[in-house]
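Handing you this structure, nothing more for now.
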Amino acid sequence: MTPCQPTELQPYRYISGRTLLALPKLARCQDLPPETWTSPDHLWHFVFISHRWGSQTDPDPDGTQLAALKRLAQHLSMIAEVISDERVGPEVAQERLKQIPSLRRQGTLQAAHLLFRCLCDAESQADAEELWQDGQGILARIGFWYDYACLPQDPKTPAEAEEFTQALQGIGELLLSPQVSTLALRKEGDGYLSRGWCFAEAMIAQSRNDPYRPMVLWTDRWDKPVSILNDEPFSVFKPDVEKLIAQWENPANGLSALDSFHCVIQGTALCLLLKSEQGNSEFALAWEDTVRIGAQLLAEIQPRLVMVSEGGRLDLAVPLATLLARQGLACRERRDAILVALLLLTSLTSEAAVGEVGIWRQALVRLTQGLPLEMVRRDGALVWQS
């Protein structure tokens, strides 16, 4: 039996890869039937989808994002089936390999890395053997979180509003969970990092200290060759990566499909996620930009707290919304701008922070509960104005 998942995964709804393939559209959360979502206790790995909205009322009006996610899930399953088929016989696995686009192709390589992460999380599960019986079974064990389809949208009932509030308060912990991968859906010229929500999700996800850094899936580059290996500083890895991929594509090399798969993942991990002063991988997010803007936000807002004199008041909502806009980050509504700013500030400060450095987590809770963000200095300390 699958053990209970950590608490940071529990308040959310997830769509399994298997269910995702059957969806005709990424509909509004309240318009989807209850069987759409899978309990986190039945999943091994979770994929947080970070994306821009295509319109004010529908994030995916033309179905491009759903089509990309379906294709990703299909490729992930096909790679898993190669590993599964080898248990039947190497000839069967070789036939399966002929049906899969090369790992040298965009989309397929990202799918392979997500499969690897899922397998790593499955190693401690008692029922992990099911994968080897049916490669497609992996789709029932990987869950996708897509805000519009997994989070109650307006108009909300009181119960839905409470679910929404709880989810927003824990979004940072979700992005940092060791069982969660962040996948940014992008296309050329989309202005992804100029949007407040996208920027906050990217920055929080990139602050992790484990190998599960966020990946980018370019919806307009599917099946195009992985070009990053031709550019500095990543070209130094190209000979070894080409050799490893050739081993995976040639089952006669003496290695098992699973061993070859692991070698490819290890060999391409740096190309996917490595950051350097000379450039960013085409699969990674702009780390330097997110850190710089986040640090500037903190540097500008923290002194305002210190400058509040005895008996003085400060409404945090005003500077938070203003400062976010000054950093070039846009949100549809003022409240969203304040919320995004608080998520960024919370991610930049330690949970153990106290005093005026530690107020951001409190402010986030107050905002989601509909409470004002006005503070007053009394006896030398800043306290919330009731």
Side-chain angles (χ1 to χ4, degrees), residues 8 48-53 145 147 151 164-177 180 182-184 186 190-209 212-214 216 275 280 284-306 314-369 371-373 375 382 384:
E8 70 266 15
F48 182 103
I49 306 300
S50 179
H51 62 97
R52 282 207 60 174
W53 279 49
W145 190 88
D147 54 1
L151 195 62
F164 185 85
T165 295
Q166 292 297 320
L168 287 185
Q169 289 178 10
I171 204 80
E173 285 74 17
L174 177 67
L175 286 162
L176 295 174
S177 171
V180 174
T182 297
L183 183 71
R186 298 203 57 183
D190 60 5
Y192 173 86
L193 286 175
S194 69
R195 304 303 301 178
W197 274 111
C198 295
F199 181 91
E201 292 160 0
M203 179 174 172
I204 295 171
Q206 288 187 110
S207 67
R208 300 170 62 132
N209 294 318
Y212 288 1
R213 293 296 179 89
V216 176
K275 298 178 292 293
N280 286 287
L285 294 163
W287 171 251
E288 291 84 358
D289 290 342
T290 54
V291 170
R292 174 181 55 80
I293 293 177
Q296 286 177 354
L297 185 66
L298 185 61
E300 289 193 43
I301 190 67
Q302 204 70 42
R304 299 195 180 207
L305 304 181
V306 179
L314 174 64
D315 185 355
L316 289 175
V318 176
L320 287 174
T322 303
L323 290 176
L324 197 72
R326 281 174 53 185
Q327 296 299 332
L329 300 176
C331 292
R332 287 186 297 168
E333 299 178 3
R334 182 174 180 272
R335 184 179 183 277
D336 281 348
I338 299 169
L339 184 57
V340 166
L342 288 174
L343 281 170
L344 287 170
L345 292 167
T346 300
S347 71
L348 288 167
T349 52
S350 168
E351 288 188 31
V354 295
E356 294 173 10
V357 179
I359 68 166
W360 306 116
R361 195 171 301 274
Q362 301 170 25
L364 178 61
V365 172
R366 289 180 66 87
L367 181 69
T368 55
Q369 291 177 341
L371 297 174
L373 298 183
M375 305 195 78
L382 275 177
W384 296 107

* Roughly how far, to the nearest 0.5 Å, is the OG1 atom of Thr368 from the CG atom of Leu168? -> 7.0 Å
* To the nearest 0.5 Å, what is the distance between CD (Gln296) and CD (Gln327)? ->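 If we round to the nearest 0.5 Å, Gln296:CD and Gln327:CD are 4.5 Å apart.
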* **Student check: side-chain heavy atoms of Arg304 and Leu323 closer than 4.5 Å** =>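 When only atoms from C-beta onward are counted, Leu323 and Arg304 do touch, with a gap below 4.5 Å.
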* Is any side-chain heavy atom of Gln369 less than 4.5 Å from a side-chain heavy atom of Gln169? -> yes
* **Leu373 vs Asp315, side-chain contact (heavy atoms from CB on, under 4.5 Å): CA-CA, chis, key distance, verdict** => CA-CA 6 Å; Leu373 298 183; Asp315 185 355; 4.1 Å; yes
* Any side-chain heavy-atom pair from Phe48 and Leu174 closer than 4.5 angstrom? -> yes
* Residue pair Thr322, Glu300: steps toward the side-chain contact (heavy atoms from CB on, under 4.5 Å) verdict -> CA-CA 11 Å; Thr322 303; Glu300 289 193 43; over 6 Å; no
* To do: May I have the step-by-step check of side-chain contact (heavy atoms from CB on, under 4.5 Å) for Trp360 and Leu298, ending in yes or no?
  => CA-CA 10 Å; Trp360 306 116; Leu298 185 61; 4.2 Å; yes
* Mind listing the closest non-hydrogen atom pair of Ala205 and Pro214 along with its distance? =>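 Heavy-atom minimum between the residues: O-CD, 3.7 Å.
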Side chains of residues 193-201: which donor-acceptor partners sit under 3.5 Å, not counting sequence neighbours?
| from | atom 1 | to | atom 2 | distance (Å) |
| --- | --- | --- | --- | --- |
| Ser194 | OG | Gly191 | O | 2.6 |
| Glu201 | OE1 | Ser50 | OG | 2.6 |

* Asked: Of all heavy-atom pairs between Ser177 and Glu8, which one has the smallest distance, and what is that distance?
  ->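 The pair with the smallest heavy-atom distance is OG-OE2, 3.2 Å.
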* Sub-3.5 Å donor-acceptor pair from the side chain of Arg52 to the main-chain atoms of Asp190, do we have one? ->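 Yes, the answer is positive, given that a donor and an acceptor are paired below the 3.5 Å cut-off.
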* Asked: Is Thr349 reaching over with its side chain to a backbone N or O of Leu345, donor-acceptor style, under 3.5 angstrom?
  ->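 Between the backbone of Leu345 and the side chain of Thr349 there is a qualifying donor-acceptor contact (under 3.5 Å).
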* To do: Kindly compute the distance separating CG (Leu176) from CD1 (Ile204), expressed to the nearest 0.5 Å.
  => 7.0 Å
* Structure fact -> Interatomic distance, CD1@Ile171 vs CD@Glu173, rounded to 0.5 Å, equals 9.5 Å
* **Side-chain heavy atoms of Leu297 within contact of Leu320, under 4.5 Å** => no
* Check whether any side-chain heavy atom of Ile359 sits under 4.5 Å from a side-chain heavy atom of Leu382, and report yes or no. =>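 SC-SC contact between Ile359 and Leu382 ruled out.
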* Is any side-chain heavy atom of Trp384 less than 4.5 Å from a side-chain heavy atom of Leu316? -> yes
Please tabulate, one pair per line, all N/O donor-acceptor pairs under 3.5 Å involving side-chain atoms of residues 332-344, not counting sequence neighbours.
| from | atom 1 | to | atom 2 | distance (Å) |
| --- | --- | --- | --- | --- |
| Arg332 | NH1 | Gln56 | O | 2.4 |
| Arg335 | NH2 | Leu367 | O | 3.3 |

* Arg361 side, atom CZ; Thr346 side, atom OG1 - distance, nearest 0.5 Å -> 5.5 Å
* Quick one: are Leu151 and Phe164 in side-chain contact, heavy atoms under 4.5 Å? -> yes
* side-chain contact (heavy atoms from CB on, under 4.5 Å) evaluation trace for Asp147 with His51 -> CA-CA 9 Å; Asp147 54 1; His51 62 97; 2.8 Å; yes
